[in-house]
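Structure record follows, encoded as structure tokens.
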Amino acid sequence: ARASENRVVSLSMLWEIPDMPLGLEELGQFGPNGPPMNILDFCASTERLFIANQQTLLGFAVGASGPLQSWSSRVSLLGAQVNRIRCGQIGGKQVVVCVDARGGIAVVPTDSSKLEVGLALRNFHADPLCRDCPVSTWGVALAPSGEASQGWGELVISANDHCVKSWVVVPPGVPWKHPPASRGGDADTSREVTRSRAAWSMGRRGPTVLLQPNDNVPCVDLAVGRVVAASLDGSIRVSSLPEVASNRRTTAPPRESEAVPSGPQVSRPRRRNPGTAVQTASAAASPEEARGTDRVSALAGYQLGRPLWGVCWVPLRTVRVQEEPADSTARPTAPAEWAGSSVTVPGEILATSVLPLLEAEELLGCIQALSVAHASAVQAELRASHRTEHLVLCFSEGMVWLLDGSLTTVHCSRRLPFNAAFAHIAYMPELSLAILAAKMDRSHVYGAAQQLW
């Protein structure tokens with residue numbers, strides 16, 4: 001795998017609205033670096049564009065020619081500057097989630113006639129000494145819209161307390177098992193009660209700590225039940241989501257919808273000295289070591305040695321290669337088939353019943369080298385919709401890396417021609433294209449040359 005150096009991508013402006021009604025606040029309040037792209041996202045399922053302006057979320061119906069007059073709405077959030085918004089799904093319901101500088105987390109359904117906060121959470125510091133202090137939250141991850149849903153969903157965030165946490169969120173009308181507590185405080189699983197609520201709710205009383213690097217975590221992403229996080233300590237880490245069916249209790253329930261003082265508060269992830277090791281051992285189970293929340297063990301970690309500002313999953317089935325033009329004079333290749341002493345496996349059975357059982361490493365390392373026909377069959381299999389393998393794309397201030405999903409191999413890396421600190425990353429699977437929105441530029445103090453790369 002490598003970045004395509006010869007591929008030319010041509011982008012052109014589709015539409016521009018000079019006087020977009022974005023509210024009374026000014027996006028310039030984010031400071032001299034300008035508004036980051038992470039306060040804008042698009043919900044493809046509902047064809048609505050969402051923009052967060054300080055403490056207000058605005059939504060617009062979007063067509064090929066720009067925002068439509070058919071629908072627009074706004075909602076006031078939790079009283080602090082929004083750091084990031086992300087569209088996705090929770091339990092099959094399309095939502096946009098906003099996180100802010102005072103630990104506010106707002107879940108807003110995107111398919112309603114009017115924008116309303118469905119569920120409001122507060123992210124408190126994981127350290128027991130600061131457990132009553134809201135912490136500035138920067139990363140938010142949701143399941144992609146195309147993934148299968150099981151009724152409930154996980155909401156993942158990262159913040160300035162060096163933690164990646166998750167909440168189980170249950171949409172309205174979805175049954176959920178609520179084990180009542182015994183007198184000793186432990187859950188009595190023999191008396192589980194299945195209930196469904198008319199409003200958005202939490203499936204368990206508090207968050208689960210998934211990862212805890214040595215520094216702040218500006219960005220997280222979620223796909224097929226796995227979370228990837230990039231930290232300023234230079235590490236990239238992957239963790240599985242907790243086993244929701246256990247409905248484990250936590251020692252400190254979060255507080256919902258608490259009022260906070262109004263007024264914009266600008267907060268950024270702070271850079272510290274990078275760590276030297278990635279801990280992937282199972283976390284301790286005591287309340288003191290768990291810092292007031294559940295803990296799960298990390299699956300993998302990789303130390304890149306430079307502060308990381310962003311990360312995203314890249315589905316392997318969406319990765320495209322730059323193919324050479326077909327040679328019309330080439331002889332047709334024989335079909336892919338396996339033949340033994342007395343048995344022959346036709347290519348159709350090979351493609352439908354054998355290749356789907358093999359891992360991507362086996363397909364790429366062994367099968368595709370057998371013949372040209374096998375290589376074509378492997379390429380078709382890896383692009384099939386049922387394949388769940390993912391690559392990891394992450395970046396620092398001056399480098400970008402592509403790793404395998406288990407973080408054991410760095411496939412390629414490239415130097416960036418710009419300062420990627422505080423940049424925002426987005427992946428377009430239809431084009432096999434990753435886009436970075438730069439926020440800082442060494443040659444322009446006030447960010448006049450901000451570009452998409």
Side-chain angles (χ1 to χ4, degrees), residues 1-7 9 44 88-89 143-150 221-228 236 238 240-241 299-300 302 311-328 330-394 400-413 426-434:
R2 63 183 178 86
S4 178
E5 298 180 357
N6 300 321
R7 183 175 180 178
V9 179
Q89 64 143 326
S145 297
E147 280 193 8
S149 169
Q150 46 192 333
D221 199 11
L222 171 63
V224 293
R226 298 208 304 168
V227 178
V228 62
I236 183 81
V238 172
S240 61
L241 290 175
L299 292 177
Y302 197 94
V311 65
C312 70
W313 286 112
V314 176
L316 182 60
R317 65 179 180 272
T318 67
V319 176
R320 300 291 182 263
V321 296
Q322 189 172 6
E323 300 178 349
E324 296 293 335
D327 186 0
S328 59
R331 287 192 244 170
T333 59
E337 61 180 24
W338 290 356
S341 57
S342 59
V343 177
T344 298
V345 180
E348 294 80 3
I349 296 179
L350 184 67
T352 58
S353 302
V354 178
L355 298 187
L357 302 178
L358 302 179
E359 300 289 339
E361 291 80 4
E362 298 170 319
L363 294 172
L364 295 172
C366 302
I367 305 301
Q368 76 165 353
L370 296 178
S371 68
V372 175
H374 282 83
S376 299
V378 166
Q379 187 177 62
E381 169 61 27
L382 291 178
R383 291 181 178 179
S385 59
H386 66 264
R387 303 299 301 198
T388 60
E389 294 94 344
H390 281 66
L391 304 174
V392 174
L393 185 66
C394 62
V400 60
W401 295 269
L402 183 68
L403 299 88
D404 67 339
S406 60
L407 304 185
T408 58
T409 304
V410 178
H411 291 299
C412 63
S413 62
Y427 179 70
M428 302 175 63
E430 297 82 3
L431 299 177
S432 184
L433 184 68

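Nothing fancy with the numbering, it's 1 onward along the sequence.
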Value rounded to 0.5 Å, distance of CG in L222 from CD in E147: 6.5 Å
CD on Q379 to CZ on R320, rounded to 0.5 Å: 8.5 Å
Separation between CD of E381 and CZ of R317, rounded to the nearest 0.5 Å: 12.0 Å
For the student: nearest non-hydrogen atoms of V319 and S432, plus distance: CA-OG, 3.5 Å
Straight-line distance of T409 OG1 to E361 CD, nearest 0.5 Å: 8.0 Å
Minimum heavy-atom distance between V238 and R226, given as atom pair plus value: CG1-NH1, 3.8 Å
Over all atoms of both residues, closest heavy-atom pair of I236 and V311: CD1-CG2, 3.3 Å
Contact summary for L358 and R387, nearest pair of heavy atoms: O-NH2, 2.9 Å
From L407 atom CG to L391 atom CG, the distance as rounded to the nearest 0.5 Å: 10.5 Å
Heavy-atom pair with the smallest gap, counting every atom of P356 and L350: CD-O, 4.4 Å
Non-hydrogen side-chain atoms of I367 and E362 separated by less than 4.5 Å: no
Point-to-point distance, once rounded to the nearest 0.5 Å, from NE2 of H374 to SG of C366: 11.5 Å
Contact summary for Y427 and W313, nearest pair of heavy atoms: CD2-O, 4.4 Å
